[in-house]
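Source: prediction; values computed, not measured. First the proteins, then the strands, lettered A, B, ... as listed; each starts at 1.
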Amino acid sequence: MNDTDQIEVTTEVLEGTTIIKPIGEIDLSRAPSLRHHLNEAQAAKPGTLVIDLAEVPYMDSSGVATLVEAMQIARRNKSRIILCSMQERVKSIFEIARLDAVFTIVENREIALET
Amino acid sequence: MNDTDQIEVTTEVLEGTTIIKPIGEIDLSRAPSLRHHLNEAQAAKPGTLVIDLAEVPYMDSSGVATLVEAMQIARRNKSRIILCSMQERVKSIFEIARLDAVFTIVENREIALET
Amino acid sequence: MAEMSRPPDVKLELFSQPRLLAGARALISNIAQRIGFSEIFCGQISLAIDEALCNIINHGYDKRTDGKIMLSIWAIENEPPSLRIVIEDQARQVDPATIQSRNLEDVRPGGLGVYLINEIMDEVKYEKREGGGMRLTMVKLLPTRENCGSVSAANTSQGLGQTHE
Amino acid sequence: MAEMSRPPDVKLELFSQPRLLAGARALISNIAQRIGFSEIFCGQISLAIDEALCNIINHGYDKRTDGKIMLSIWAIENEPPSLRIVIEDQARQVDPATIQSRNLEDVRPGGLGVYLINEIMDEVKYEKREGGGMRLTMVKLLPTRENCGSVSAANTSQGLGQTHE
Ligand SMILES: Nc1ncnc2c1ncn2[C@@H]1O[C@H](COP(=O)(O)OP(=O)(O)O)[C@@H](O)[C@H]1O
Ligand SMILES: Nc1ncnc2c1ncn2[C@@H]1O[C@H](COP(=O)(O)OP(=O)(O)O)[C@@H](O)[C@H]1O
């Protein structure tokens, strides 16, 4: 992996909830880096993992696959994943892939934390 | 010229001052369309022509040449041209070409109208 | 699918490297925009090309980074306005019939690429190339007011609704 | 200027059409960004390429739209990090010495392209191609903290000052 294949991520750990906010396009070159960050966050078994996608202008099926994988891990851990603040262009791929009904997708971070 | 080679422009005519606001990248394909709009505005011989570049994220030397041409016309007409609201990326080309001292370039439209 | 008689407006050749996908997307999206596709459509077209390139890297070249990928792009402004993209590789040849999208009901990682390509593009054809490798031909027509050929125009999603103007 | 022994990471071929410049810029800017160039530098590199392509269209092909232009791009991540771009055409051959920037004091429309290319890029070389047409080789090194090789680092302009990080 090149340096530029690392995705920038900010992580906040609250009481029982972890918020992960990746920054930048998520495609085949950066999905492995995102997977690494998600695995790390999920290793601590938070009750809820919020993935804030406000700063992700683009995602391809490699990124979606990484999120589906994280959801499967969450199910095994009996924890939840909430996606929030999705940009229109990214929402469009979830809709085409009919994953908008499979994931819990909310408008913004505030709603995610109340959910 | 193709349809997409037409640059979108809004024009406001005030007392003695015309404000032209082109929208989009100005390169070799769109400079002729910008020239057309500037010529039209200058035909009415306004005392001041303000060119608001707030919505121009990119300009190459074809765009710059068009503005230099407009300045020469303004000089012949004994009128003024003021450039305002230039984005950083566009300012950079004026600086490299040392045209930042040749043109009157101001921060925003308000200052342009007071100048 | 009619063959194009004139040469492509743009040709792009790249190695099978994930780091080069973003550049290819930027080029395609920009050309699509020039033809008149809305921002959401440009994003979807970029996605379809991205998915096709990912599949060539992952399945065709088994993630090797030294394989060649050639794109030919026609920016068709009339007759009717459309974008035509042919992607060729020198990778493994497979029976086009085996390149299929899976059942989406079964939610699991992966297996969305071919589905997305088919949903987004108006014409999609996989073939074996004579000299080895595969060829994928894709066409996307510019939607008109009468012909709102968007992906999910059928399932009236809100997100995509905005693109029909 | 050392020759590159490895093949280019990306090749782009386009017709001498102004409407295709934006796509070429988008590709180059994206590749530059991947190497680590800041946004302002990506913009400047795109500008240099744009100017070179404009000159080929205007002077090489006399504004004909059916001329071929070939770009070869090396995204060099080490040794040191840099972007190398070779632009070739099949247009008029001119003596490289005649491709010169004019005196900027004399403010008039035009005559900035070659100046901008020279200011922006670290290495610039024009040559006649063996088979006909011209070849322009350009290299831009990634500025480091020690080596702030920005355009107008000398004339301490404010706009560009922000890019040195
Ligand atoms: N370019 C290709 N070369 C060979 N096989 C391919 C190619 N593209 C797709 N396939 C086949 O089609 C299947 C479905 O692809 P896709 O829907 O993108 O899902 P995924 O890549 O996640 O398996 C792949 O698993 C593969 O067997
Ligand atoms: N690709 C080229 N082929 C032939 N002549 C060129 C080429 N590029 C530049 N030149 C020559 O160099 C001169 C300076 O170019 P430039 O600085 O871009 O200004 P302009 O294009 O506005 O004349 C041109 O007028 C032309 O004579």
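Looking at heavy atoms from C-beta onward, D:K11 lies out of side-chain contact with C:K11 at the 4.5 angstrom threshold. The shortest side-chain heavy-atom distance between D:L12 and C:L27 falls under the 4.5 Å cut-off. Put simply, the side chain of D:Q17 reaches to within 4.5 Å of the side chain of C:D9, judged on heavy atoms. At a threshold of 4.5 Å between non-hydrogen side-chain atoms, the residues C:F15 and D:P7 count as touching.
Only the backbone of C:A24 comes within contact range of chain D, with at least one heavy atom under 4.5 Å from a heavy atom of that chain. Contacts of C:L20 with chain D are made by side-chain atoms alone, with heavy-atom separations under 4.5 Å and no backbone atom involved.
In the displayed structure, D:Q93 atom CD is contacted under 6.0 Å by more than 12 heavy atoms of other residues, nucleotides or ligands. Counting heavy-atom neighbours within 6.0 Å of C:K128 NZ, excluding the residue itself, gives a total above 12.
Between atom CD of residue D:E13 and atom CG of residue C:L71 there is a gap of 13.0 Å, rounded to the nearest 0.5 Å.
Of all non-hydrogen atoms in C:G23 and D:N30, the two that sit nearest each other are N-OD1, 3.3 Å.
Note: D:A22 leads D:P8, D:S29, D:S72, D:A22 in heavy-atom pairs under 4.5 Å with chain C.
Applying the side-chain hydrogen bond (donor to acceptor under 3.5 Å, both in side chains) test to D:Q33 and every residue at least two apart in sequence or in another chain returns nothing.
Here salt bridge (Lys or Arg N to Asp or Glu O under 4.0 Å) pairs that include residues 40-60 of chain D, with residues two or more places apart or in two chains, are D:R25-D:D50.
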